[in-house]
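One structure is given here, and the rest of the page talks about it.
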Amino acid sequence: MSQHLSEQELQRREALKSLREMGIDPYPAAEYKASHFSKDIHAAYEDNSEAQEWKEVCISGRMMTQRINGKASFADVMDSHGRVQVYFNRDILCPGEDKELYNTVFKRLLDIGDFIGITGRVFKTNMGEITIEAHSLTVLSKSLRPLPIVKKDKEGNIYDAFTNPEQRYRMRYVDLVVNDKVKNTFITRTRIMNAMREFFNRKDYLEVETPILQPIPGGAAARPFITHHNALDMPLYLRIANELYLKRLIVGGFEGVYEFAKDFRNEGMDRTHNPEFTVMEIYVAYKDYFWMMNFTEEMLEHVVTSVNKGSTEVKLGDKLLNFKAPFARITMVDAIKEHTGYDITGMDEAALRDVCKALNIETDDSMGKGKLIDEIFGEKCEGNYIQPTFITDYPVEMSPLCKKHRDNPDFTERFELMINGKEVANAYSELNDPIDQRERFEEQLNLSAKGDDEAMFIDQDFLRALEFGMPPTSGMGIGIDRLTMMLTDNSSIQEVLFFPQMKPENKESKKVLELNEGEKAIFEILKVENRLALDDLKTRSGLSNKAWDKSIKGLAKMGLSKVEKTEEGLFVELAED
RNA sequence: GACUCAGUAGCUCAGCUGGCAGAGCAUCUCCCUUUUAAGGAGAGGGUCCAGGGUUCGAGCCCCUGCUGAGUCACCA
């Protein structure tokens, strides 16, 4: 029941108690009205540094450093927009006889991490820092755990940063408080989505929501999560894509719909895969994939420039990406020709298998023609496309929802956008021939029979919708997490998700006060003797060396005995409780 | 799934050939009325990830497990 508390946590609980005893509520309910954010104070003071005699300003935030200095001290207060220094002068904060607010509350009972409110006058210190001279101090919320202290010197070198990735991801709230960069990553993530949304809305496309719980997980080849609906007593799947539902909306008469969707895939996790991730999918009627390529590069250029101070260039690791439209375009066949020397045009399955063999690519019997081509591309080509590049015209077998190419029925009107060797977006001229679509689903069933556990299910209702008629449509999906990684210079998806999936922390079973045989034996002797030379006790216990060592340490850990070193040697005695 | 590395104070990390558990920051006490990685003097703080084993003796060596990171494999 009782939680183990560290020394510092106990001290903070003591301070909490003391505040209450002084009549100060450490968790007050009332609204605290700040007049400025920290950045406003910096900006406004710089503008008016000469004449302006500042009236009282009022700020609130978390106290991040304390430099206590006799009768005058400094603290940095951090709000959502940055930090500002506060000057606490004993006789200014406490003009009367009673100096308790300064001496006791500020200096003793407040800690780094506490939320406070300050009113005061803005001035510039001798060191040239814009500072608030505190005239009042309000405790807004007491922090009971010590934050990691991250210090920065004049050159911007960071000391004692909170860097352990496990702790950062498990305690993202702490990460956000102490690591400025982290907050910026997530702000950029939101700005990316806002810029995209704005781009679509300007064109009058409609943002929609479609089911996450689906009876048939469609629209992609992936292993789904399965769950169960109790009242309906039926299985439901968490969506792996929203494609089939958005197309139903095009059938229903919308000309442009899009959705920012959380998708879920029950697959492995690594630095580019999280079980839940965010995809933006958009479908526009009467368009084809050529139109969509233009649209995509235009949209990305808009997104990049609006989060990137107008520049199309983005630093990613040691590379410089340029999102200036138009992007390079190459067909998959040409890409393979370029990077392997093989022209796979017109090859059958056996010939493709031979190519794989020659290129040292492993194959198995479940792989059809499309999968083989995909393997060759993935293995030999994909990684080469660092700058944004559209790869077009994928084999028909691996694109069951995509129109056959108008010039060559072995391929489809599909493109993927590769950036930094990774697939970021995927788009089609959507298949709207219901009979063709039914056949493609049936081919997927054959693949499934061959052992491909990611082949698609047949969605009869989706086919019914197509039979009612869907206009020619182009659709595109883009991975928001991966795009964010690229635009924030992060190589791990965990850095762009607030709460990446983690295994649960091992909650250690509470250690019960239970003595083992050896500990009991020693304890019994001690209860009689109370105090004994260590060697005598060891002999009388009759324990082996190992058992003795473990037992005596065990007792000490439980606080039942203690070892005392004196001139005459080592003594063991019962610890009084 | 395989391999490599890591887990020690609130945080960042040392810890030699196996021999009493260390530093900086943070914390506590004292001094200091414009400091800023404030400073000075002193003090306290540990389930060395967990469980076994080897040993007179394990933070260190061996085995098993847990958690994380990286590389690879898998992967619309």
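We name chains A, B, ... by the order of the sequence lines, and we start the count at 1 in each one.
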What does the list of N/O pairs under 3.5 Å between the protein and nucleotides 70-72 of chain B look like, with a distance for each?
from: B:U71; atom 1: OP2; to: A:Arg271; atom 2: NH1; distance (Å): 3.2

Which residues satisfy the side-chain hydrogen bond (donor to acceptor under 3.5 Å, both in side chains) test with [X], sequence neighbours excluded?
X: A:Gln66; value: none
X: A:Glu413; value: A:Arg406, A:Ser429
X: A:Arg482; value: A:His273
X: A:Arg239; value: A:Thr210, A:Glu259, A:Asp263

Please confirm whether the shortest side-chain N or O distance from A:Arg223 to OP1 or OP2 of B:C75 is below 4.0 Å. no

Within residues 372-384 of chain A or reaching into it, pairs that qualify as side chain to side chain donor-acceptor pair (under 3.5 Å) - sequence neighbours excluded: A:His339-A:Asn384

A:Pro275: what forms a side chain to side chain contact (heavy atoms under 4.5 Å, CB included) with it, not counting sequence neighbours? A:Phe225, A:Met269, A:Gln501

Would you mind listing every salt bridge (Lys or Arg N to Asp or Glu O under 4.0 Å) that reaches into residues 69-79 of chain A, with sequence neighbours excluded? A:Arg67-A:Asp76

Gap in Å between the two P atoms, one belonging to B:C3 and one to B:C28, rounded: 48 Å

Can you tell me, in whole Å, how much space there is between the C1' of B:U47 and that of B:C66? 15 Å

Any donor-acceptor pair, under 3.5 Å, between the side chain of A:Arg414 and the base of B:A76, if you only look at N and O atoms? yes

Test for a donor-acceptor pair under 3.5 Å between the base of B:A76 and the side chain of A:Glu423, counting only N and O atoms. no

Treating primed atoms plus P, OP1 and OP2 as sugar-phosphate and everything else as base, which nucleotides of nucleotides 29-42 of chain B get B, S or - for protein heavy atoms under 4.0 Å? SS-BBBBBBB----

With a 6.0 Å cut-off (strictly less than), is the heavy-atom count around NZ of A:Lys357, excluding the residue itself, greater than 12? no

